[in-house]
**Student:** 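This is the structure I have questions about; it appears just below.
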Amino acid sequence: MMNFNNIVAKLAFLGGILQTLGSCGTGSEYQKSGSLTAHVDPYIGTGGHGHVFLGANVPYGAVQLGPSNLSTGWDWVSGYHISDSTIIGFAHQHLSGTGIGDLGDIVLLPFTGDIRFDRGEHGDEQTGAYSLFNRDTERVRTGYYAVHLDRFDVDVELTATSRVGFHKYSYKKNETPKVLMNLDAGIGWEGEKEGRITIENDTVVSGYRYSKGWAKNQKIYFTATFSQPIVSTRLGDSTAIQEGNSITASRAYAELGFGEVEEFQEVMVKVALSPVSIANAKLNLQEELPGWDFAATREAADAAWNEQLQKVKIETKDTVARKIFYTALYHTMIAPSVFSDVNGEYMGSDFKPHKLATGENYTTFSLWDTYRAAHPLMSIIHRDRAPDMVNSMLRIYQEQGKLPVWHLVGNETDCMVGNPGIIVVADAYLKGVEGFDKDLAYEAMKVSAMKDDRGLNWHKQYGYVPYDKEEVESVAKGLEFAIADWSLAQVAKLRGEQEDYDYFIKRSDAFHHYFDPDLQFLRGVDSEGNFRPGTFDPFHSAHLANDYTEGNAWQYTWLVPHNVNGFMDLFGGEDRFIAKLDSLFVVEGDLGEDASPDISGLIGQYAHGNEPSHHVIYMYPYAGQPWKAAERVRETLATMYTDQVDGLSGNEDVGQMSAWYVLSSLGFYQVSPAGGPFIFGSPLFDKATVALGEGKTLELVAHSNSKENKYIQEVRLNGEPYTKSYISYEDLMKGGKLEFDMGNAPSTTFGVTAESRPKSAR
C-alpha cells in the first residue's frame, strides 16, 4: 500500500513548479506522461441516475471530499448531480452510486461578506449559505477538484489523503476571507443530529457530528487546522448567535474570519476525520499530512490512483472505450472505504472503540450489489486487500451477531435482501485467500444463515419464503438466501462438513418451489405450495409491493447463478431454456407506474441497470451457445456504457456497475456466486495485461479483434489449445498468456461440446 508521507516528501519540489490550474474540464495538465489517470473522466455517471461521487479522494480512502449541491432527493444521494449549479459547501464523506443518501458530513464553505446560517432556497442565495457556480470553472481529476464560487468570487481547490481532506481557498484583494463550518448539512433523510464545534486556538477547530439517517447511529470526529490565524468568530445554531468558543447544537455553525488584506489572499485548511475521537483525528493529521504542500499532496493522490490503475493495462485504438474502462476501474475503488485510524483504532458495530492488531478496517459494504462482480474483480487485482475486507466483515459478525448485509459507518442498515455477506466471505474462502481465521469465517457464515430475521425463519421452515408469510419480495428473498446457502455449502464441502453440506445444498434449491412449469417463470408461492392467484403479469413491477426486489418476473426468473444446470433442467431441456432466454432480450411490455426506477438499461426485459440481471448473459455458455453471450456482451458494452455524464444505465452501486464493464471488457465474468469459474464472453480490447500480485501477470490477447470480429473461434493458454468456454480462478491466477482468436461468425466448435461447457458445482 502506498505511503502518502513518502510520496508527499518525494514530490514536494513540485510545489514551486505546479501553478494554480486555469483550465476547465478533466485535462491532464499535471499528470505525468504515461499516467493512466489521464484516461479517467470522473464526470461519467454524474448525470442520469448514476449517482457517482465527484471530488477528491484516494483509492478506498476514508475521505471523499467534494461539493454538495443545495438540491436533495434521489438523484442527489451522492451530494452532486451534473444538472445542478449550486454548492452549499465541501463535505468530507460521500457515497457513490447508491439509491439512498447519507453522509455529507463536515461541510466547509469559503465566503466573503455576510451569509445566513441556513441551507437556503433555490433562486435566492440570500436565504442561506450557498453559491452558484459555472461548470466551466470546474476542474476534476483523480484526487483533485476545483471550482470558482460566483457569489463570493472565491477559487476552491481540493485534494485528499486517506483520512484528511486538504482545501485551498483563494480570495480576491480587499475582501475579508471567511470560512463557514457547517455541521447542520448532511445528505439524505436525517432525523436527530448533533454537532459540536470548539475553537481550540487561532488555527485549530475541532468537534464531532452525530446523526441518525440511513446509518442509524453515525458518529464522525474531526479536527481542522488553518494556514492563517483566525481573527474573528461567530457561532450559531441557525436561530441565534452564541457567545464563547464552543457550541453544541442540532444545527451547529461556525463563521471563521481571517482579516482583511489588500492583496490576493490564500487560506488553506486540513481537515482530518476519525470514527473514534478528536484525538485520533489529530493523530491521523499528524501521520498523513503534517505539511502544507498542496501541490505535492495533489500529485501524491494522483500517483496513488495511477498505481492502482496500472494493475490493468489495456491496448486499444478505441480512445472512448479506453476512457470508459479506466473510469470504470476508478469507480470500483472508491469503496469499500477505510474505517479505522492510523493507530488501528476503529468504532465497532457495537458502537464501542476497538483496536486492530494489524491491517485496516473497512466500511461501505454494498454487498447485495458488489458480490456479483466488484468482489470477484477485487479477488483478481486486489487479492492483497481481501484479508482486510474479510476480517472487517468477521469483526462485524462478532460485534453485531451476523455478517454484514449493507454496512455503513459501523451501522447495519439491513438494506436489500438475502445474505450477501456469506457469499463474499465464501468467495474468499473458496479462492484460497489467506490471512483470516477460517474457523471463525465458517462459524460466521453458519450463524448468519441460521438467523430468523428478514424472512430467514420462513426459508428455514419451508425451504423457500412464502408470500403469505412475507408480504413483499418473497421470491427475491428466497432466491438470494438460496445463493448464499449454495456458497456456504461449497465451503462445508471443502471442509468435509458433510451434514452441513447436505443441509445447505438442499436449501439452495429454493428456486424449484417458485418455478411454474406451465408459464416458465419464478412466481410467488404460499405456504401451502400454491402459486399466487389471479392474473399473472410477468412485466408488472411494484416497488416494495410485489414478490420481487426492484424487478419483475422476467428479470427475476433468471436469478439462479449458483445452479444454472439444475435450473435448465426445470425447462425440460436446453432448447426450451435457450428459447426462453432468447425471449428475454426481445420481449417488451409495460412495467406499470409503480415500477422501481432502478429497473433501467433495458434490452427487451433484460435490465442491465440493476444487479440481479448482471450474470444472465453469461448463462448461454452453460447451454453450449457461447456466441450468443458474445453478441449480448458486445451490445451491452456498446449501449449501456458511454463516455458522457449519463454514461451509466443505472446506479453505479458502489462499483458494481463498473466492475461488470471491467470484467466483461477483459473477456470473462464470474457467474457462480463464489469461487469461480470465469465464463468467457467477448474480449473488447486487443490486449490487456493484468497484474495478479506476487510478480505474476496475466496477458490477454485478442487476435483479429474488431467490432465485427466479436466471436471467439479458438483459445490458447500459454500456447496450448484450450477448449473450455471458461477458466477456473486457480488457472487464471497462475498468470501466463491467454489468447483468443476472434472471427466475424459464431464458431461451430468452440464451447459447444458438453466437455467444454461450464457446469454448476454441487
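Keep in mind that this is a model prediction, so the values were computed, not measured.
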**Student:** Would N391 and D437 count as a side chain to side chain contact (heavy atoms under 4.5 Å, CB included) here? Give the steps.
**Tutor:** CA-CA 8 Å; N391 280 321; D437 187 329; 5.9 Å; no

**Student:** Which donor-acceptor pairs under 3.5 Å do the side chains of residues 618-626 make with protein atoms, sequence neighbours left out?
**Tutor:**
{"unit_1": "Y618", "atom_1": "OH", "unit_2": "S664", "atom_2": "OG", "d": "2.8"}
{"unit_1": "Y620", "atom_1": "OH", "unit_2": "D582", "atom_2": "OD1", "d": "2.7"}
{"unit_1": "Q625", "atom_1": "OE1", "unit_2": "K628", "atom_2": "NZ", "d": "2.9"}

**Student:** Suppose we call two aromatic rings close when their centres sit under 6.0 Å apart. Are H614 and Y669 close by that rule?
**Tutor:**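 Ring-ring flag for H614/Y669: false, centres at least 6.0 Å apart.
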
**Student:** Can you list the residues that meet the salt bridge (Lys or Arg N to Asp or Glu O under 4.0 Å) rule with D439, with sequence neighbours excluded?
**Tutor:**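 D439: salt bridge (Lys or Arg N to Asp or Glu O under 4.0 Å) contacts with R495.
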
**Student:** With side chains defined as the heavy atoms from C-beta onward, is the minimum distance between V465 and V525 less than 4.5 Å?
**Tutor:**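 They are not in contact (no side-chain heavy atoms under 4.5 Å apart), so the answer is no.
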
**Student:** Determine, using ring centers only, whether W458 and Y467 are less than 6.0 Å apart.
**Tutor:**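 Ring centres of W458 and Y467 not closer than 6.0 Å.
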
**Student:** Looking at Y726 versus F678, is the centre-to-centre ring distance below 6.0 Å?
**Tutor:**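 Not close enough - the centres of the two rings lie 6.0 Å or further apart.
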
**Student:** Treating H51 as the side-chain partner and T98 as the backbone partner, does any N or O pair qualify as donor plus acceptor under 3.5 Å?
**Tutor:**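 It does hold such a pair.
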
**Student:** Would you check if the distance from the ring center of F685 to the ring center of F325 is below 6.0 Å?
**Tutor:**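 Yes; F325 has its ring centre under 6.0 Å from that of F685.
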
**Student:** Assess whether atom CD of E471 is packed by more than 12 heavy atoms of other residues, nucleotides or ligands within 6.0 Å.
**Tutor:**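 No, because the 6.0 Å sphere around CD of E471 holds 12 heavy atoms or fewer from other groups.
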
**Student:** Return the set of residues passing salt bridge (Lys or Arg N to Asp or Glu O under 4.0 Å) with E499 (not counting sequence neighbours), or none when no residue passes.
**Tutor:**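 Per chain and number, E499 pairs via salt bridge (Lys or Arg N to Asp or Glu O under 4.0 Å) with no residue.
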
**Student:** Looking at Q461, I want to see if its CD is surrounded by more than 12 non-hydrogen atoms of other residues, nucleotides or ligands under 6.0 Å.
**Tutor:**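 Atom CD in Q461 is packed in, count exceeds 12.
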
**Student:** Can any side-chain N or O of D516 pair as donor or acceptor with the backbone N or O of R523 at less than 3.5 Å?
**Tutor:**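 No, because the side chain of D516 does not come within donor-acceptor range (under 3.5 Å) of the backbone of R523.
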
**Student:** Using a 3.5 Å distance criterion without hydrogens, assess whether the side chain of N546 forms a donor-acceptor pair with backbone atoms of N552.
**Tutor:**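 Not at all, since once roles are kept as given, no pair shorter than 3.5 Å links the two residues.
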
**Student:** Would you say the side chains of N565 and R762 form a donor-acceptor pair under 3.5 Å?
**Tutor:**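 Result is no, nothing qualifies.
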
**Student:** Under the salt bridge (Lys or Arg N to Asp or Glu O under 4.0 Å) criterion, do D653 and R372 qualify, and how do the steps go?
**Tutor:** CA-CA 11 Å; D653 281 313; R372 306 169 200 268; over 6 Å; no

**Student:** Taking the side chain as everything from C-beta on, heavy atoms only, tell me whether K724 gets closer than 4.5 Å to I727.
**Tutor:**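 No - every pair of side-chain heavy atoms lies 4.5 Å or more apart.
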
**Student:** Show the numbers, then the answer: is there a side chain to side chain contact (heavy atoms under 4.5 Å, CB included) between V405 and E412?
**Tutor:** CA-CA 7 Å; V405 179; E412 181 57 75; 3.4 Å; yes

**Student:** Taking atom types as modelled and ignoring hydrogens, do the side chains of D547 and Y556 form a donor-acceptor contact shorter than 3.5 angstrom?
**Tutor:**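 On atom types as modelled, these side chains do not qualify, holding no pair under 3.5 Å.
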
**Student:** Assign the ring pair H608 / Y606 to parallel, tilted or perpendicular, where the plane angle (0 to 90°) is split at 30° and 60°.
**Tutor:**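 Ring orientation, 0 to 90° scale: tilted.
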
**Student:** To the nearest 0.5 angstrom, please state how far the OG atom of S665 sits from the CZ atom of R634.
**Tutor:**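 S665 OG to R634 CZ: 10.0 Å, rounded to 0.5 Å.
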
**Student:** Do the side chains of K431 and D427 get close enough for a salt bridge, i.e. N-O under 4.0 angstrom?
**Tutor:**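 Judged by the 4.0 Å cut-off on N to carboxylate O distance, K431 and D427 do form a salt bridge.
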
**Student:** Sequence neighbours excluded, which residues qualify as side-chain contact (heavy atoms from CB on, under 4.5 Å) partners of V472?
**Tutor:**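 If we apply the side-chain contact (heavy atoms from CB on, under 4.5 Å) test to V472, skipping adjacent residues, there are no hits.
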
**Student:** Can you run down the side chain to side chain donor-acceptor pair (under 3.5 Å) pairs that involve residues 567-579, sequence neighbours left out, and say none if there aren't any?
**Tutor:**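 Residue pairs with at least one partner in residues 567-579: E574-R757.
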
**Student:** If you measure from OG on S508 to CZ on F481, what distance do you get to the nearest 0.5 Å?
**Tutor:**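 The OG atom of S508 sits 14.5 Å away from the CZ atom of F481.
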
**Student:** Please check this pair: side chain of T753 against backbone of T749, looking for a donor-acceptor N/O pair closer than 3.5 Å.
**Tutor:**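 Such a contact is absent between T753 side chain and T749 backbone.
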
**Student:** Would you say N419 and S448 are linked by a side-chain donor-acceptor pair, where the criterion is simply a distance under 3.5 Å?
**Tutor:**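 No, no side-chain donor-acceptor contact under 3.5 Å.
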
**Student:** Strictly distance-based, threshold 3.5 Å: is any side-chain N or O of T332 a donor or acceptor partner for the main-chain N or O of L329?
**Tutor:**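 Yes: the side chain of T332 pairs with the backbone of L329.
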
**Student:** Tell me, do I483 and P561 make a side-chain contact under 4.5 Å, heavy atoms counted?
**Tutor:**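 I483 vs P561: side chains touch.
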
**Student:** Verify, without hydrogens or angle tests, whether K710 (side chain) and S682 (backbone) share a donor-acceptor contact under 3.5 angstrom.
**Tutor:**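 Not at all, since once roles are kept as given, no pair shorter than 3.5 Å links the two residues.
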
**Student:** Is the shortest side-chain heavy-atom distance between V752 and W627 below 4.5 Å?
**Tutor:**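 Yes - at least one pair of side-chain heavy atoms lies under 4.5 Å apart.
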
**Student:** About how many Å separate CD of E635 and CD1 of I603, when rounded to the nearest 0.5 Å?
**Tutor:**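 One finds 4.0 Å between CD1 of I603 and CD of E635.
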
**Student:** Would a 4.5 Å heavy-atom cut-off, applied to side chains only, mark T364 and V654 as touching?
**Tutor:**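 With C-beta onward as the side chain, the pair touches.
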
**Student:** Would you say E699 and V690 make side-chain contact, with heavy atoms under 4.5 Å?
**Tutor:**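 Answer no - side chains too far apart.
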
**Student:** In sequence, state the C-alpha distance, the side-chain angles, and the governing distance for Y501 and W486, and then conclude on ring pair (Phe, Tyr, Trp, His ring centres under 6.0 Å).
**Tutor:** CA-CA 9 Å; Y501 168 79; W486 177 91; 9.8 Å; no

**Student:** Does K469 pair with D526 as a salt bridge, N-O distance under 4.0 Å?
**Tutor:**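 No, this pair does not count.
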
**Student:** Using 4.0 Å as the upper bound for N to carboxylate O, is an ion pair formed by K493 and D502?
**Tutor:**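 Salt bridge between D502 and K493, a charged N being under 4.0 Å from a carboxylate O: no.
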
**Student:** For N610 and P597, indicate whether the former's side chain and the latter's backbone hold a donor-acceptor pair under 3.5 Å.
**Tutor:**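 No, the answer is negative, given that no donor and acceptor are paired below the 3.5 Å cut-off.
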
**Student:** Taking R507 for the side chain and A449 for the main chain, is one N or O donor matched with an acceptor at less than 3.5 Å?
**Tutor:**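 Yes.
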
**Student:** To the nearest 0.5 Å, how far apart are OG in S613 and CD in E550?
**Tutor:**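 So the gap between those two atoms works out to 11.0 Å.
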
**Student:** For the pair H375 (side chain) and A674 (backbone), establish whether a donor and an acceptor sit closer than 3.5 Å, ignoring hydrogens and angles.
**Tutor:**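 Answer holds: no.
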
**Student:** Start with the C-alpha gap between H407 and Y362, add the side-chain angles, then the distance that decides, and say whether ring pair (Phe, Tyr, Trp, His ring centres under 6.0 Å) holds.
**Tutor:** CA-CA 10 Å; H407 230 256; Y362 287 90; over 10 Å; no

**Student:** To the nearest 0.5 Å, what is the distance between OG (S596) and CG (L544)?
**Tutor:**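 Answer for the OG-CG pair, S596 versus L544, is 8.0 Å.
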
**Student:** Counting distance only, does the side-chain N/O of T723 pair as donor-acceptor with the main-chain N or O of S756 below 3.5 Å?
**Tutor:**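 No, because the side chain of T723 does not come within donor-acceptor range (under 3.5 Å) of the backbone of S756.
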
**Student:** Using the side chain to side chain donor-acceptor pair (under 3.5 Å) definition, which of the options E480, Q656, E611, Q670 pairs with Y371?
**Tutor:**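 Going through E480, Q656, E611, Q670 one by one, the side chain to side chain donor-acceptor pair (under 3.5 Å) with Y371 is satisfied by E480 alone.
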
**Student:** Is any side-chain N of the basic residue among K734 and D731 closer than 4.0 Å to the acidic one's carboxylate O?
**Tutor:**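 Answer for the salt bridge query: yes.
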
**Student:** Got a salt bridge between E470 and K477, using NZ or NE/NH1/NH2 to carboxylate O under 4.0 Å?
**Tutor:**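 So E470 pairs with K477 through a salt bridge.
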
**Student:** Run through K506, H459, H562 and flag the one making a side chain to side chain donor-acceptor pair (under 3.5 Å) with D485.
**Tutor:**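 Exactly one pass, corresponding to H459.
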
**Student:** D598: what forms a salt bridge (Lys or Arg N to Asp or Glu O under 4.0 Å) with it, not counting sequence neighbours?
**Tutor:**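 D598 satisfies salt bridge (Lys or Arg N to Asp or Glu O under 4.0 Å) with no residue once adjacent residues are dropped.
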
**Student:** Regarding K402 and D414, does a basic nitrogen lie under 4.0 Å from an acidic carboxylate oxygen?
**Tutor:**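 So K402 pairs with D414 through a salt bridge.
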
**Student:** Looking at side-chain heavy atoms only, is the closest gap between W660 and L637 below 4.5 Å?
**Tutor:**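 A side-chain contact exists here, since the closest heavy-atom pair is under 4.5 Å.
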
**Student:** Please check if the distance between the ring centroids of H513 and F511 is under 6.0 Å.
**Tutor:**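 Ring centroids of H513 and F511 are no less than 6.0 Å from each other.
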
**Student:** If you round to the nearest 0.5 Å, how far is CG of D590 from CG of D537?
**Tutor:**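 Separation between the atoms: 8.0 Å.
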
**Student:** Under 3.5 Å, is there a donor on one side chain and an acceptor on the other for W406 and T413?
**Tutor:**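 On atom types as modelled, these side chains do not qualify, holding no pair under 3.5 Å.
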
**Student:** Indicate whether any N or O donor in one side chain lies under 3.5 Å from an N or O acceptor in the other, for Y429 and Q490.
**Tutor:**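 Looking only at side-chain atoms, Q490 and Y429 do not form any donor-acceptor pair under 3.5 Å.
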
**Student:** Less than 4.5 Å apart, any side-chain heavy atom of F750 and any of Q713?
**Tutor:**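 Heavy-atom side-chain distance check fails, nothing below 4.5 Å.
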
